[in-house]
There are 2 protein chains.
Amino acid sequence: MGGRASVAKSAMPKGVEPEPRLSRASVGRLSLYLRRLEVLLREGAAKVSSGTLGEALGVTDAQVRKDLAYLGHLGHPGVGYAAPELVAAIRRALGIDREWRVALAGVGNLGRALLRYRGFAERGFRVAALFDADPAKVRQRVDGLEVHPPEAMAQVLPALGVELGVLTVPAEAAQVVADAMVTAGVRGLLTFAPGVLRLPAGVSVVSVDLTVQLEQLAFLVQLSGGD
Amino acid sequence: MGGRASVAKSAMPKGVEPEPRLSRASVGRLSLYLRRLEVLLREGAAKVSSGTLGEALGVTDAQVRKDLAYLGHLGHPGVGYAAPELVAAIRRALGIDREWRVALAGVGNLGRALLRYRGFAERGFRVAALFDADPAKVRQRVDGLEVHPPEAMAQVLPALGVELGVLTVPAEAAQVVADAMVTAGVRGLLTFAPGVLRLPAGVSVVSVDLTVQLEQLAFLVQLSGGD
DNA sequence: GGATGTGAACGACTTCACAGCG
DNA sequence: CGCTGTGAAGTCGTTCACATCC
(Lines give C-alpha, C1' and ligand atoms only; values in the text may rest on other atoms or scores of the structure.)
Protein backbone atom coordinates (compact mmCIF):
# COMPACT_ATOMS: atom_id res chain seq x y z
CA MET A 1 0.00 0.00 0.00
CA GLY A 2 1.12 3.51 -0.48
CA GLY A 3 2.32 5.97 2.05
CA ARG A 4 1.31 4.64 5.40
CA ALA A 5 3.83 7.15 6.64
CA SER A 6 2.92 7.01 10.30
CA VAL A 7 4.15 9.76 12.53
CA ALA A 8 6.59 7.84 14.64
CA LYS A 9 9.75 9.50 15.73
CA SER A 10 9.73 12.24 13.16
CA ALA A 11 9.51 14.77 15.96
CA MET A 12 12.81 13.64 17.33
CA PRO A 13 15.48 15.80 15.78
CA LYS A 14 18.44 13.56 16.53
CA GLY A 15 21.25 13.28 18.93
CA VAL A 16 19.43 11.61 21.76
CA GLU A 17 21.32 8.56 22.92
CA PRO A 18 19.62 5.19 22.53
CA GLU A 19 19.97 4.68 26.30
CA PRO A 20 19.78 0.94 26.74
CA ARG A 21 16.53 0.03 28.43
CA LEU A 22 15.61 -3.04 30.36
CA SER A 23 14.00 -5.31 27.80
CA ARG A 24 10.78 -7.12 28.43
CA ALA A 25 12.55 -10.44 28.47
CA SER A 26 15.07 -9.17 30.97
CA VAL A 27 12.34 -7.98 33.29
CA GLY A 28 10.78 -11.43 33.26
CA ARG A 29 14.10 -13.01 34.13
CA LEU A 30 14.73 -10.52 36.92
CA SER A 31 11.54 -11.78 38.53
CA LEU A 32 12.88 -15.28 38.38
CA TYR A 33 16.27 -14.29 39.75
CA LEU A 34 14.51 -12.60 42.62
CA ARG A 35 12.58 -15.68 43.53
CA ARG A 36 15.64 -17.86 43.27
CA LEU A 37 17.65 -15.45 45.37
CA GLU A 38 15.09 -15.59 48.13
CA VAL A 39 15.44 -19.35 48.22
CA LEU A 40 19.23 -19.15 48.26
CA LEU A 41 19.11 -16.57 51.02
CA ARG A 42 16.94 -18.81 53.15
CA GLU A 43 19.49 -21.53 52.60
CA GLY A 44 22.12 -19.23 54.01
CA ALA A 45 23.96 -18.16 50.87
CA ALA A 46 25.37 -14.66 51.19
CA LYS A 47 27.09 -14.54 47.82
CA VAL A 48 25.96 -15.87 44.48
CA SER A 49 27.68 -16.11 41.13
CA SER A 50 26.01 -15.62 37.79
CA GLY A 51 26.48 -19.31 37.15
CA THR A 52 24.67 -20.55 40.21
CA LEU A 53 21.89 -18.03 39.79
CA GLY A 54 21.13 -19.01 36.24
CA GLU A 55 21.71 -22.71 36.53
CA ALA A 56 18.39 -23.77 37.99
CA LEU A 57 16.54 -21.42 35.68
CA GLY A 58 18.11 -22.58 32.47
CA VAL A 59 19.78 -19.23 31.84
CA THR A 60 23.43 -18.92 30.86
CA ASP A 61 25.86 -17.13 33.13
CA ALA A 62 26.56 -14.53 30.47
CA GLN A 63 22.87 -13.76 30.21
CA VAL A 64 22.59 -13.32 33.95
CA ARG A 65 25.49 -10.92 34.00
CA LYS A 66 24.07 -8.88 31.13
CA ASP A 67 20.73 -8.61 32.90
CA LEU A 68 22.26 -7.63 36.20
CA ALA A 69 24.59 -5.14 34.58
CA TYR A 70 21.56 -2.96 33.84
CA LEU A 71 21.10 -2.48 37.56
CA GLY A 72 24.54 -0.98 38.03
CA HIS A 73 27.86 -2.35 39.10
CA LEU A 74 26.76 -4.77 41.76
CA GLY A 75 29.11 -7.66 41.15
CA HIS A 76 32.48 -8.22 42.72
CA PRO A 77 34.93 -9.87 40.30
CA GLY A 78 36.22 -13.12 41.61
CA VAL A 79 33.54 -13.25 44.25
CA GLY A 80 30.07 -12.87 42.83
CA TYR A 81 27.12 -10.78 43.94
CA ALA A 82 26.06 -10.02 47.50
CA ALA A 83 22.65 -11.63 47.70
CA PRO A 84 20.85 -9.14 49.95
CA GLU A 85 22.02 -6.17 47.92
CA LEU A 86 21.06 -7.88 44.73
CA VAL A 87 17.57 -8.56 46.03
CA ALA A 88 17.17 -4.92 46.97
CA ALA A 89 18.44 -3.75 43.59
CA ILE A 90 16.12 -6.02 41.65
CA ARG A 91 13.12 -4.98 43.72
CA ARG A 92 13.89 -1.38 43.05
CA ALA A 93 14.38 -1.92 39.33
CA LEU A 94 11.10 -3.77 39.04
CA GLY A 95 9.29 -1.14 41.04
CA ILE A 96 8.31 -3.54 43.79
CA ASP A 97 10.23 -1.88 46.56
CA ARG A 98 6.94 -0.50 47.78
CA GLU A 99 3.32 -1.54 48.14
CA TRP A 100 0.92 -1.53 45.22
CA ARG A 101 -2.80 -1.32 45.81
CA VAL A 102 -4.75 -3.58 43.52
CA ALA A 103 -8.43 -3.80 42.60
CA LEU A 104 -9.88 -7.07 41.41
CA ALA A 105 -12.93 -7.17 39.18
CA GLY A 106 -14.81 -10.42 38.76
CA VAL A 107 -15.14 -12.50 41.90
CA GLY A 108 -15.62 -15.87 40.21
CA ASN A 109 -13.44 -18.90 40.67
CA LEU A 110 -10.50 -17.30 38.95
CA GLY A 111 -10.80 -14.11 40.94
CA ARG A 112 -11.01 -16.03 44.19
CA ALA A 113 -8.01 -18.11 43.24
CA LEU A 114 -5.91 -15.00 42.68
CA LEU A 115 -7.18 -13.43 45.86
CA ARG A 116 -5.88 -16.33 47.88
CA TYR A 117 -2.64 -16.66 46.02
CA ARG A 118 0.12 -15.87 48.47
CA GLY A 119 2.67 -14.89 45.91
CA PHE A 120 1.03 -11.54 45.44
CA ALA A 121 1.00 -10.40 49.04
CA GLU A 122 4.57 -11.58 49.46
CA ARG A 123 5.66 -9.19 46.77
CA GLY A 124 3.79 -6.19 48.04
CA PHE A 125 0.68 -6.40 45.91
CA ARG A 126 -2.26 -5.78 48.21
CA VAL A 127 -5.76 -6.38 46.94
CA ALA A 128 -7.68 -3.46 48.37
CA ALA A 129 -11.04 -3.71 46.62
CA LEU A 130 -13.30 -6.23 44.92
CA PHE A 131 -15.93 -5.62 42.26
CA ASP A 132 -18.56 -7.78 40.64
CA ALA A 133 -21.56 -7.04 38.49
CA ASP A 134 -23.60 -9.88 39.94
CA PRO A 135 -26.07 -8.41 42.46
CA ALA A 136 -25.98 -11.66 44.39
CA LYS A 137 -22.31 -11.15 45.08
CA VAL A 138 -22.37 -7.45 45.82
CA ARG A 139 -22.05 -6.59 49.52
CA GLN A 140 -20.86 -10.09 50.31
CA ARG A 141 -17.49 -10.50 51.95
CA VAL A 142 -14.74 -12.56 50.37
CA ASP A 143 -11.52 -13.05 52.27
CA GLY A 144 -12.42 -10.13 54.47
CA LEU A 145 -13.15 -7.74 51.62
CA GLU A 146 -16.54 -6.44 50.64
CA VAL A 147 -17.64 -6.86 47.03
CA HIS A 148 -18.64 -3.56 45.45
CA PRO A 149 -20.79 -2.96 42.39
CA PRO A 150 -18.92 -1.68 39.32
CA GLU A 151 -20.59 1.72 39.63
CA ALA A 152 -18.69 2.28 42.85
CA MET A 153 -15.30 2.24 41.16
CA ALA A 154 -15.02 5.95 40.52
CA GLN A 155 -15.58 6.58 44.17
CA VAL A 156 -13.79 3.67 45.81
CA LEU A 157 -10.57 3.37 43.83
CA PRO A 158 -9.21 6.87 44.26
CA ALA A 159 -10.13 6.76 47.95
CA LEU A 160 -8.06 3.64 48.46
CA GLY A 161 -5.18 4.72 46.31
CA VAL A 162 -5.56 1.82 43.88
CA GLU A 163 -3.18 1.95 40.92
CA LEU A 164 -3.44 -1.55 39.44
CA GLY A 165 -6.40 -3.59 38.31
CA VAL A 166 -6.85 -7.30 37.76
CA LEU A 167 -9.60 -8.37 35.37
CA THR A 168 -11.13 -11.78 35.89
CA VAL A 169 -14.43 -10.96 34.25
CA PRO A 170 -16.09 -12.59 31.23
CA ALA A 171 -14.69 -11.59 27.85
CA GLU A 172 -17.78 -9.56 26.96
CA ALA A 173 -17.40 -7.35 30.01
CA ALA A 174 -13.65 -6.85 29.86
CA GLN A 175 -13.50 -3.68 27.78
CA VAL A 176 -16.23 -1.91 29.75
CA VAL A 177 -14.72 -2.79 33.10
CA ALA A 178 -11.27 -1.82 31.88
CA ASP A 179 -12.56 1.58 30.79
CA ALA A 180 -14.23 2.11 34.14
CA MET A 181 -11.03 1.28 35.96
CA VAL A 182 -8.97 3.61 33.86
CA THR A 183 -11.48 6.37 34.44
CA ALA A 184 -11.14 5.73 38.15
CA GLY A 185 -7.41 6.31 37.92
CA VAL A 186 -5.95 2.83 37.45
CA ARG A 187 -2.65 2.94 35.55
CA GLY A 188 -2.02 -0.73 34.86
CA LEU A 189 -4.15 -3.77 34.11
CA LEU A 190 -3.56 -7.47 34.31
CA THR A 191 -6.27 -9.14 32.28
CA PHE A 192 -7.24 -12.76 31.94
CA ALA A 193 -10.00 -12.13 29.46
CA PRO A 194 -9.32 -13.33 25.93
CA GLY A 195 -9.12 -10.58 23.37
CA VAL A 196 -7.31 -7.31 22.99
CA LEU A 197 -8.09 -4.29 25.16
CA ARG A 198 -7.98 -0.85 23.63
CA LEU A 199 -6.73 1.59 26.21
CA PRO A 200 -5.42 5.14 26.24
CA ALA A 201 -1.70 5.70 26.14
CA GLY A 202 -0.14 5.80 29.54
CA VAL A 203 -2.07 2.78 30.77
CA SER A 204 -0.07 -0.44 30.74
CA VAL A 205 -1.55 -3.83 30.08
CA VAL A 206 -0.35 -7.35 30.63
CA SER A 207 -2.57 -10.01 29.18
CA VAL A 208 -2.65 -13.64 30.21
CA ASP A 209 -4.50 -15.48 27.50
CA LEU A 210 -5.09 -19.04 28.55
CA THR A 211 -6.28 -20.23 25.18
CA VAL A 212 -3.14 -18.94 23.55
CA GLN A 213 -1.01 -20.73 26.13
CA LEU A 214 -2.77 -24.03 25.63
CA GLU A 215 -2.45 -23.70 21.89
CA GLN A 216 1.25 -23.04 22.26
CA LEU A 217 1.47 -26.24 24.22
CA ALA A 218 -0.43 -28.24 21.64
CA PHE A 219 1.89 -26.89 18.98
CA LEU A 220 5.01 -27.84 20.91
CA VAL A 221 3.76 -31.32 21.65
CA GLN A 222 2.79 -31.83 18.07
CA LEU A 223 6.24 -30.71 17.01
CA SER A 224 8.19 -32.94 19.33
CA GLY A 225 5.89 -35.86 18.78
CA GLY A 226 5.71 -35.29 15.09
CA ASP A 227 7.07 -38.66 14.22
CA MET B 1 27.54 -26.06 33.76
CA GLY B 2 28.14 -27.67 30.46
CA GLY B 3 26.15 -30.59 29.35
CA ARG B 4 23.49 -28.60 27.64
CA ALA B 5 25.86 -27.84 24.85
CA SER B 6 24.45 -30.62 22.72
CA VAL B 7 25.57 -30.87 19.18
CA ALA B 8 25.79 -27.24 18.18
CA LYS B 9 26.36 -26.40 14.60
CA SER B 10 30.08 -26.38 14.47
CA ALA B 11 29.98 -30.01 13.50
CA MET B 12 27.65 -29.29 10.66
CA PRO B 13 29.60 -29.76 7.45
CA LYS B 14 27.20 -27.62 5.51
CA GLY B 15 24.58 -28.08 2.95
CA VAL B 16 21.64 -28.76 5.23
CA GLU B 17 19.06 -26.03 4.75
CA PRO B 18 18.11 -24.03 7.80
CA GLU B 19 14.45 -24.83 7.18
CA PRO B 20 12.61 -21.88 8.69
CA ARG B 21 10.52 -22.93 11.65
CA LEU B 22 7.49 -21.31 13.13
CA SER B 23 8.79 -19.14 15.95
CA ARG B 24 7.23 -19.03 19.37
CA ALA B 25 6.02 -15.51 18.83
CA SER B 26 4.46 -16.46 15.52
CA VAL B 27 2.58 -19.30 17.14
CA GLY B 28 1.13 -16.93 19.69
CA ARG B 29 -0.03 -14.58 16.96
CA LEU B 30 -1.57 -17.41 14.97
CA SER B 31 -3.80 -18.11 17.96
CA LEU B 32 -4.92 -14.52 17.91
CA TYR B 33 -5.53 -14.53 14.17
CA LEU B 34 -7.62 -17.62 14.61
CA ARG B 35 -9.83 -16.01 17.19
CA ARG B 36 -10.19 -12.88 15.13
CA LEU B 37 -11.02 -14.90 12.03
CA GLU B 38 -13.81 -16.68 13.84
CA VAL B 39 -15.35 -13.34 14.72
CA LEU B 40 -14.99 -12.07 11.17
CA LEU B 41 -16.51 -15.26 9.81
CA ARG B 42 -19.53 -14.86 12.08
CA GLU B 43 -19.89 -11.35 10.73
CA GLY B 44 -20.06 -12.80 7.26
CA ALA B 45 -16.63 -11.98 5.92
CA ALA B 46 -15.45 -14.55 3.38
CA LYS B 47 -12.15 -12.88 2.51
CA VAL B 48 -9.71 -11.04 4.71
CA SER B 49 -6.59 -9.07 3.95
CA SER B 50 -3.47 -9.00 6.06
CA GLY B 51 -4.28 -5.43 6.97
CA THR B 52 -7.73 -6.09 8.34
CA LEU B 53 -6.57 -9.18 10.20
CA GLY B 54 -3.77 -7.44 11.99
CA GLU B 55 -5.42 -4.11 12.59
CA ALA B 56 -7.46 -4.98 15.68
CA LEU B 57 -4.59 -6.94 17.13
CA GLY B 58 -1.96 -4.27 16.75
CA VAL B 59 0.06 -6.30 14.28
CA THR B 60 1.39 -4.85 11.03
CA ASP B 61 0.22 -6.19 7.71
CA ALA B 62 3.74 -7.29 6.82
CA GLN B 63 3.97 -9.28 10.02
CA VAL B 64 0.69 -11.00 9.31
CA ARG B 65 1.83 -11.99 5.84
CA LYS B 66 5.14 -13.31 7.13
CA ASP B 67 3.33 -15.40 9.71
CA LEU B 68 0.82 -16.77 7.25
CA ALA B 69 3.48 -17.48 4.67
CA TYR B 70 4.74 -20.28 6.92
CA LEU B 71 1.50 -22.09 6.35
CA GLY B 72 1.95 -22.25 2.62
CA HIS B 73 0.70 -20.15 -0.24
CA LEU B 74 -2.78 -19.38 0.96
CA GLY B 75 -3.18 -15.80 -0.13
CA HIS B 76 -4.58 -14.55 -3.39
CA PRO B 77 -2.80 -11.43 -4.58
CA GLY B 78 -5.17 -8.53 -4.99
CA VAL B 79 -7.87 -10.35 -3.06
CA GLY B 80 -6.68 -11.52 0.31
CA TYR B 81 -7.12 -14.81 2.12
CA ALA B 82 -10.18 -17.04 2.05
CA ALA B 83 -11.27 -17.03 5.67
CA PRO B 84 -12.49 -20.63 6.01
CA GLU B 85 -9.37 -22.06 4.42
CA LEU B 86 -7.20 -19.88 6.57
CA VAL B 87 -8.94 -21.07 9.71
CA ALA B 88 -8.39 -24.66 8.69
CA ALA B 89 -4.73 -24.07 7.89
CA ILE B 90 -4.03 -22.33 11.19
CA ARG B 91 -5.76 -25.07 13.14
CA ARG B 92 -3.66 -27.66 11.40
CA ALA B 93 -0.43 -25.75 11.94
CA LEU B 94 -1.14 -25.33 15.64
CA GLY B 95 -2.09 -28.95 15.98
CA ILE B 96 -5.62 -28.19 17.08
CA ASP B 97 -7.36 -29.79 14.14
CA ARG B 98 -8.20 -32.66 16.46
CA GLU B 99 -9.21 -33.28 20.05
CA TRP B 100 -6.70 -33.26 22.89
CA ARG B 101 -7.45 -35.07 26.11
CA VAL B 102 -6.35 -33.11 29.14
CA ALA B 103 -5.88 -34.05 32.78
CA LEU B 104 -6.17 -31.41 35.45
CA ALA B 105 -4.39 -31.76 38.77
CA GLY B 106 -5.41 -29.54 41.66
CA VAL B 107 -9.12 -28.93 41.97
CA GLY B 108 -8.93 -25.68 43.90
CA ASN B 109 -10.35 -22.37 42.80
CA LEU B 110 -7.95 -22.04 39.94
CA GLY B 111 -8.56 -25.56 38.73
CA ARG B 112 -12.30 -25.06 38.86
CA ALA B 113 -12.01 -21.80 37.00
CA LEU B 114 -10.13 -23.47 34.17
CA LEU B 115 -12.53 -26.36 34.13
CA ARG B 116 -15.43 -24.03 33.47
CA TYR B 117 -13.63 -21.89 31.00
CA ARG B 118 -15.36 -22.30 27.67
CA GLY B 119 -12.45 -21.32 25.54
CA PHE B 120 -10.81 -24.67 26.05
CA ALA B 121 -13.68 -26.87 24.92
CA GLU B 122 -14.27 -24.61 21.93
CA ARG B 123 -10.76 -25.34 20.75
CA GLY B 124 -10.90 -29.07 21.18
CA PHE B 125 -9.26 -29.38 24.56
CA ARG B 126 -11.33 -31.82 26.57
CA VAL B 127 -10.67 -32.24 30.26
CA ALA B 128 -10.97 -35.98 30.75
CA ALA B 129 -9.74 -36.50 34.29
CA LEU B 130 -9.32 -34.65 37.57
CA PHE B 131 -6.82 -35.28 40.36
CA ASP B 132 -6.38 -33.90 43.83
CA ALA B 133 -4.33 -34.97 46.81
CA ASP B 134 -6.92 -33.79 49.32
CA PRO B 135 -8.83 -36.86 50.54
CA ALA B 136 -11.87 -34.68 51.14
CA LYS B 137 -12.03 -33.93 47.43
CA VAL B 138 -11.28 -37.39 46.11
CA ARG B 139 -14.31 -39.22 44.76
CA GLN B 140 -16.33 -36.03 44.65
CA ARG B 141 -17.74 -34.89 41.33
CA VAL B 142 -16.87 -31.55 39.83
CA ASP B 143 -18.58 -30.52 36.65
CA GLY B 144 -19.53 -34.10 36.00
CA LEU B 145 -16.05 -35.51 36.50
CA GLU B 146 -14.87 -37.60 39.40
CA VAL B 147 -11.82 -36.46 41.31
CA HIS B 148 -9.13 -39.15 41.49
CA PRO B 149 -6.26 -39.48 43.92
CA PRO B 150 -2.79 -38.85 42.45
CA GLU B 151 -1.86 -42.52 42.78
CA ALA B 152 -4.48 -43.33 40.17
CA MET B 153 -2.68 -41.42 37.41
CA ALA B 154 -0.65 -44.27 36.07
CA GLN B 155 -3.80 -46.26 35.58
CA VAL B 156 -6.31 -43.60 34.55
CA LEU B 157 -4.36 -41.43 32.13
CA PRO B 158 -3.30 -44.06 29.61
CA ALA B 159 -6.77 -45.56 29.71
CA LEU B 160 -8.32 -42.24 28.74
CA GLY B 161 -5.70 -41.33 26.18
CA VAL B 162 -4.64 -38.20 28.02
CA GLU B 163 -1.70 -36.39 26.43
CA LEU B 164 -1.73 -32.99 28.13
CA GLY B 165 -1.70 -32.02 31.78
CA VAL B 166 -2.68 -28.81 33.53
CA LEU B 167 -1.12 -28.17 36.92
CA THR B 168 -3.04 -26.00 39.35
CA VAL B 169 -1.46 -27.42 42.45
CA PRO B 170 0.55 -25.66 45.17
CA ALA B 171 4.15 -24.86 44.30
CA GLU B 172 5.55 -27.48 46.65
CA ALA B 173 3.63 -30.25 44.90
CA ALA B 174 4.24 -29.20 41.33
CA GLN B 175 7.40 -31.17 40.59
CA VAL B 176 6.10 -34.40 42.08
CA VAL B 177 2.78 -34.19 40.27
CA ALA B 178 4.52 -33.28 37.04
CA ASP B 179 6.76 -36.32 37.33
CA ALA B 180 3.77 -38.55 37.98
CA MET B 181 2.01 -37.21 34.93
CA VAL B 182 5.01 -37.71 32.71
CA THR B 183 5.37 -41.25 33.97
CA ALA B 184 1.74 -41.78 33.08
CA GLY B 185 2.45 -40.77 29.51
CA VAL B 186 1.63 -37.08 29.42
CA ARG B 187 3.67 -35.26 26.79
CA GLY B 188 2.91 -31.62 27.56
CA LEU B 189 2.25 -29.60 30.67
CA LEU B 190 0.65 -26.25 31.30
CA THR B 191 1.66 -25.19 34.77
CA PHE B 192 0.48 -22.33 36.94
CA ALA B 193 2.81 -23.11 39.79
CA PRO B 194 5.64 -20.65 40.34
CA GLY B 195 9.06 -22.10 39.79
CA VAL B 196 10.81 -24.08 37.12
CA LEU B 197 9.96 -27.70 36.38
CA ARG B 198 12.72 -30.08 35.47
CA LEU B 199 11.41 -32.57 32.95
CA PRO B 200 12.85 -35.10 30.57
CA ALA B 201 13.46 -34.11 26.99
CA GLY B 202 10.48 -34.76 24.82
CA VAL B 203 8.04 -33.29 27.31
CA SER B 204 6.95 -29.73 26.54
CA VAL B 205 6.12 -27.19 29.17
CA VAL B 206 4.33 -23.88 29.10
CA SER B 207 4.45 -21.97 32.33
CA VAL B 208 2.08 -19.23 33.37
CA ASP B 209 3.72 -17.47 36.25
CA LEU B 210 1.35 -14.97 37.76
CA THR B 211 3.90 -13.30 39.97
CA VAL B 212 6.13 -12.66 37.00
CA GLN B 213 3.23 -11.14 35.11
CA LEU B 214 2.27 -8.82 37.93
CA GLU B 215 5.85 -7.74 38.34
CA GLN B 216 6.06 -6.99 34.63
CA LEU B 217 3.04 -4.80 35.08
CA ALA B 218 4.48 -2.97 38.05
CA PHE B 219 7.64 -2.35 36.05
CA LEU B 220 5.72 -0.96 33.09
CA VAL B 221 3.59 1.30 35.24
CA GLN B 222 6.61 2.54 37.09
CA LEU B 223 8.29 3.28 33.76
CA SER B 224 5.42 5.18 32.20
CA GLY B 225 4.63 6.99 35.39
CA GLY B 226 8.23 7.74 36.09
CA ASP B 227 7.88 11.43 35.66
C1' DG C 1 -5.76 -1.10 -8.71
C1' DG C 2 -5.18 -4.00 -4.69
C1' DA C 3 -2.95 -7.27 -2.03
C1' DT C 4 0.36 -11.09 -1.69
C1' DG C 5 5.15 -13.11 -0.97
C1' DT C 6 9.81 -12.19 -0.07
C1' DG C 7 14.72 -10.59 -0.27
C1' DA C 8 17.15 -7.06 2.13
C1' DA C 9 17.77 -3.77 5.78
C1' DC C 10 17.15 -3.11 10.32
C1' DG C 11 16.87 -3.78 15.14
C1' DA C 12 16.70 -6.53 19.34
C1' DC C 13 18.33 -10.04 22.04
C1' DT C 14 21.84 -13.75 23.09
C1' DT C 15 26.22 -15.89 23.14
C1' DC C 16 31.16 -15.59 22.85
C1' DA C 17 35.43 -14.41 24.45
C1' DC C 18 38.46 -12.01 26.95
C1' DA C 19 40.49 -8.04 29.58
C1' DG C 20 40.66 -6.76 34.24
C1' DC C 21 40.05 -6.81 39.08
C1' DG C 22 39.89 -8.70 43.76
C1' DC D 1 42.89 -18.27 40.49
C1' DG D 2 37.60 -17.12 39.96
C1' DC D 3 34.20 -14.28 38.40
C1' DT D 4 32.61 -9.89 36.68
C1' DG D 5 31.66 -6.47 32.90
C1' DT D 6 31.55 -5.68 28.16
C1' DG D 7 32.76 -5.09 23.19
C1' DA D 8 32.20 -8.03 19.20
C1' DA D 9 29.97 -11.52 16.79
C1' DG D 10 26.11 -14.10 15.98
C1' DT D 11 21.23 -15.24 15.88
C1' DC D 12 16.56 -14.29 15.69
C1' DG D 13 12.56 -11.62 14.68
C1' DT D 14 10.39 -7.43 12.53
C1' DT D 15 9.84 -3.85 9.13
C1' DC D 16 10.57 -2.09 4.49
C1' DA D 17 10.04 -2.04 -0.19
C1' DC D 18 8.92 -3.81 -4.33
C1' DA D 19 8.32 -7.28 -8.06
C1' DT D 20 4.44 -9.99 -9.05
C1' DC D 21 -0.03 -11.68 -9.99
C1' DC D 22 -5.33 -11.50 -10.12
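What's counted below: heavy atoms across the whole structure, side chains too, no hydrogens, waters or symmetry copies. Chain A is the first sequence line, chain B the second, and so forth, proteins listed ahead of strands; every chain is numbered from 1.
- With respect to the salt-bridge test (charged N to carboxylate O, under 4.0 angstrom), the residues A/Arg92 and A/Glu85 do not qualify.
- Note on B/Arg29: a side-chain N or O is less than 4.0 Å away from OP1 or OP2 of D/dT14.
- The phosphate of D/dG5 (OP1 or OP2) has a side-chain N or O of A/Tyr81 nearer than 4.0 angstrom.
- B/Leu53 comes within 4.0 angstrom of no nucleic acid atom, judged by non-hydrogen atoms across all strands.
- Within 3.5 Å, no donor on the side chain of A/Lys66 pairs with an acceptor on the base of D/dT6, nor the reverse.
- The distance between atom CG of B/Asp61 and atom P of D/dT15, rounded to the nearest whole Å, is 10 Å.
- Side chains of B/Asp179 and B/Gln175: a donor on one and an acceptor on the other come within 3.5 Å.
- Set against D/dT14, C/dT4, C/dT15, the side chain of B/Gln63 has D/dT14 as its closest nucleotide.
- With respect to the salt-bridge test (charged N to carboxylate O, under 4.0 angstrom), the residues A/Asp67 and A/Arg29 qualify.
- DNA chain D is contacted by both A/Val48 and B/Thr60; A/Val48 maps to the nucleotide lying nearer its 5′ end (nearest heavy atom per residue).
- For C/dT6, one of the phosphate oxygens OP1 or OP2 lies less than 4.0 angstrom from a side-chain nitrogen or oxygen of B/His73.
- Contact annotation: A/Ser50 side-chain N/O to D/dT4 OP1/OP2 distance is under 4.0 Å.
- B/Arg187 places no side-chain N or O within 3.5 Å of a backbone atom of B/Val203 that could act as its donor or acceptor partner.
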